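Just so it is clear, the model here is predicted, and its values are computed rather than measured. Values below: all heavy atoms of this structure, side chains included; hydrogens, waters and symmetry mates excluded.
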Amino acid sequence: MATVGSPARFVYVTPQRLFDTRQAAASTRVTRGNGTATGPLTAGTPVNVVDASGVVSGATALWLNVAAVPQGAPGFFVAYPKGASQPPTSSVNFAADVPRANAVPVALGAGGDVAFFASTQAHAIADLFGAFKASGAGMTAVAPSRVLDTRSTQTPIAAATVTQVDVQAPAGATGVVASVAVLPGAEPGFLTAFPCGTATPATSNVNYAADTVTANTVVSQLGTGRKLCVWSLKAVDLIVDVTGYLSDSGPLSYQVLTPKRLLDTRGTATLYTNRLADEQTLQLPIQTLPGMPTGVWSAVLNITAVDATQNGHVTAYPCGGSVPNASSLNFRPGSAFAALSVTSVGNGGKVCLFAKSRTHLIVDLVGVWVHTSASSAPPPPTDNDPGDEGDPVEPTDPVTPVDEDPPDTYTPPDTAVAPDTYVAPDTVVVDTSVAPDTTPDDGAGPVPDSEEPAPDTEEPAADTAAPAVDTEAPAADTAAPGADTAALGDDAAVADAGSDTSRVIHETVTRQPASGGCAGGGVDGALVIALAAILALAAALSPRRRRV
């Protein structure tokens, strides 16, 4: 590993649009690789350059949310400091004609600029949410903790309405780091997160398609009452999993790293090979990587699932504890799905990755949060709540081959495998029921134009990423956003009613038939009464059945 600069603190900024290549007036900071002043980012080299100098005085790195609006082909963006070598990693992955967005922390390079490599031609939109400087807020890392799941109350957040989210911030906290998942209904839209008590910004954090589970990492200042506010174009279910809090006294500073690919199970020059099996857990070394600074308490990872065999999710968490009631990424077959994750390290300085369903995984490490006065991270929680989803494979076990895959092999993680376009676009489901946007200077992207508070909703978006319910055991996963395609876990049962207040328990009770007489038709009334009594007794003795 190679560090870039010194550990830095987080500085809040008012959420703002840095550039939008769909509009010439909104993309003056962008110099495209082909020298043009308008249009999408050009594919290949020379790279596209974004002038970020002076955006935040004294900043060494920025926290962006970058959306890709493809122009007919799948691909990826790579954001990195201008003047540095392009890393063999990816920042945003997208399918053909399906806009995708991701949180992207990136260091500033020569002249305060950022280079953007586009594997295929695509429009790009970047919103700025914060920066890193010598002084500011530090992070306190926590194990993933679910603070909101509107499915538990069956009350989605209302459309076009500011909703307050209690992120359970401790005293002194001024900001939050959280994974936010949106479970929309039949209409596409977007969601933005911002400090309560401030105006709703003209930016977005999560852009969602109809019936598509979409998640992203949000880093935001907290507002009135130490709460986070959200605004969604449409009524949606919302899940918020907190992984850290920011405060002036937060012990952790952010250390930028030269991005490195730690895992790509599709290749051979990687820590593990072959797809993960259902409910498989992997351990990824973080602290022990060559060149890593000491005192790593949390890792910033870009996690991609590809070539999945069915719907599922990935949970990143500190090794040593149980799989938490949280998730980092949702995926489905037919495309690549990626999301940034800020995850505490656990035993041995490792991060564990739990995959609900069989899939290839790609993991890129882009930075770490370090404790400058501690040589190692604290031990993770060891709670083994029987109500949590079980993990049938021990974290220390190697990946188990499934079906036709050859036996697994161990190879050093030093050699990175370059990113690729992952899968062909044929299997992408595109919503053709909505006409394309015809607004001048607007490419129908997933995020708002500079003069609008919302992204375009006409663009078809990603496929549904909700995993199926585990019907094998009564403790099906209601933790991850995506337990059920329809209600994403509404019908999943847990082991006991007191294990987790965020879960919903449903039971089906066999009801007794209503008693009553039957007249006419020559039927003996006494026989009818006797038959009704027998049926009532049988119903009363039948066991209560729990839905799974």
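- Checked against the 6.0 Å centroid criterion, the rings of Phe129 and Trp63 do not qualify as a close aromatic pair.
- Under the 3.5 Å distance criterion, with hydrogens and angles disregarded, a donor-acceptor pair is assigned to the side chains of Arg9 and Ser253.
- Taking CZ of Phe337 as the reference point, atom CG of Asn93 lies at 11.0 Å (rounded to 0.5 Å).
- Residues forming a side chain to side chain contact (heavy atoms under 4.5 Å, CB included) with Val4 (at least two apart in sequence, or on another chain): Ala107, Val256, Thr258.
- Asn302 CG to Ser341 OG: the interatomic distance, rounded to the nearest 0.5 Å, is 9.5 Å.
- In this model, no donor atom of one side chain and acceptor atom of the other lie less than 3.5 Å apart for Tyr317 and Ser328.
- Judged by the 6.0 Å and 45° rule, Arg226 forms no cation-pi pair with Tyr245.
- Counting heavy atoms from C-beta on, the side chains of Thr214 and Val206 come closer than 4.5 Å.
- Donor-acceptor pairing under 3.5 Å is lacking for the side chains of Ser27 and Asp20.
- For the pair Pro318/Pro144, a side-chain contact is recorded, criterion being any heavy-atom separation below 4.5 Å from C-beta on.
- In summary, the side chains of Thr89 and Tyr80 do not present any donor paired with an acceptor at a separation below 3.5 Å, with no hydrogens or angles considered.
- Remark: the Asn102 side chain and the Asn65 side chain contain no N/O donor-acceptor pair separated by less than 3.5 Å.
- Side-chain contact check for Val342 versus Met139: some heavy-atom pair is nearer than 4.5 Å.
- A donor-acceptor distance shorter than 3.5 angstrom exists from the side chain of Thr161 to the backbone of Ala159, with no hydrogens or angles considered.
- The side-chain heavy atoms of Thr243 and Ser344, taken from C-beta on, include no pair separated by under 4.5 Å.
- Atoms CG and CG, on Asp127 and Leu18 in that order, are 8.5 Å from each other to the nearest 0.5 Å.
- Just one of Leu41, Val30, Val78 meets the side-chain contact (heavy atoms from CB on, under 4.5 Å) condition when paired with Phe116; it is Leu41.
- Between Phe10 and Phe132, the distance from one ring center to the other falls under 6.0 angstrom.
- Looking at heavy atoms from C-beta onward, Val230 lies in side-chain contact with Leu238 at the 4.5 angstrom threshold.
- Residues Ile125 and Val69 have side chains in contact (heavy-atom distance under 4.5 Å, counting atoms from C-beta outward).
- Aromatic pair Phe77/Phe94: ring centres closer than 6.0 Å.
- Contact annotation: the side chain of Val370 never approaches that of Leu252 to less than 4.5 Å [non-hydrogen atoms, C-beta and beyond].
- The salt bridge (Lys or Arg N to Asp or Glu O under 4.0 Å) check on Lys227 picks up nothing, with sequence neighbours excluded.
- A side-chain donor from one of His123 and Thr21 sits under 3.5 Å from a side-chain acceptor of the other.
- There is a side-chain donor-acceptor pair under 3.5 Å between Arg100 and Ser335.
- Atoms OG1 and CH2, on Thr140 and Trp369 in that order, are 10.0 Å from each other to the nearest 0.5 Å.
- At a threshold of 4.5 Å between non-hydrogen side-chain atoms, the residues Val345 and Val296 count as touching.
- One finds the CG atom of Asn216 at 7.5 Å from the CG atom of Leu340 (value rounded to the nearest 0.5 Å).
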